[in-house]
Amino acid sequence: MSKTSQQNTTTDASGVSVIHTQAHSSGLQQVPQLVPVSPGGGGKAVPPSKQGKKSSFVDRNSDEYRQRRERNNMAVKKSRLKSKQKAQDTLQRVNQLKEENERLEAKIKLLTKELSVLKDLFLEHAHNFADNVQPVSTETTTTNPENSGQ
C-alpha cells in the first residue's frame with residue numbers, strides 16, 4: 001500500500017488552520033483543525049453565545065425588532081426601578097439603625113450616671129453604718145450580784 005499524500009496548511013481569518021491533503025490523484029480535501037495562529041496560543045476565545053450567531057442584518061423597522069426593543073426597554077426600566085428601590089430601602093434601614101444607635105448610646109449614658117449615683121449612695125451608707133456600729137467587746141460580762149444565788 002503505497003499511498004502518496006501531500007499536505008498544504010493555510011490559516012483562516014478566525015485562526016483555524018485548514019490542512020489540505022491530496023491523496024493519489026484525487027482533489028484537495030479540507031480538514032479543519034483548531035491550531036493557534038501564534039506560537040503562544042494568543043487570541044481571544046469566542047463565547048459560546050456568539051459562536052452560533054451570524055451577523056445578520058436586522059431590519060429596524062420590523063415589528064419583531066420593535067417588540068424586542070420594547071420588551072428590552074421595559075425590562076431595563078423595571079431593573080433600574082428595582083435597583084433604585086433597593087438603594088432607598090437600604091438608606092432607610094441605615095437611618096433607622098443610626099437613630100436606634102443614638103437612643104441606645106443616650107440610654108447607656110443615663111444608666112452609667114445612675115450607677116455612679118447609686119454607688120456613691122451605697123458607699124456613703126456603708127461608711128456611716130460602719131461608724132455607727134460599735135465593735136463587740138471581747139471582755140466577759142460580769143453577772144449581776146443581785147441575781148446570783150437565787
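L115 contributes atom CG, which lies 13.5 Å from atom NZ of K113 (distance to the nearest 0.5 angstrom). Interatomic distance, E99 CD to L104 CG, rounded to the nearest 0.5 Å: 12.0 Å.
Scored by the side-chain hydrogen bond (donor to acceptor under 3.5 Å, both in side chains) test, R66 finds D63 as partners (sequence neighbours excluded). With sequence neighbours excluded, the residues satisfying side chain to side chain contact (heavy atoms under 4.5 Å, CB included) with L111 are K107, E114.
Under a 3.5 Å cut-off, the side chain of S83 and the backbone N or O of S79 do not form any donor-acceptor pair.
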Could you go through residues 90-98 and list every donor-acceptor pair under 3.5 Å that involves a side-chain atom there, pairing it with any protein atom two or more places apart or in another chain?
{"residue": "T90", "atom": "OG1", "partner": "K86", "partner atom": "O", "Å": "2.9"}
{"residue": "N95", "atom": "ND2", "partner": "L91", "partner atom": "O", "Å": "3.4"}

Distance-only check: which donor-acceptor pairs under 3.5 Å involve side-chain atoms of residues 116-125, not counting sequence neighbours?
none

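Among residue pairs with one or both ends in residues 67-80, those qualifying as salt bridge (charged side-chain N to carboxylate O under 4.0 Å, His left out) are E64-R68; sequence neighbours excluded.
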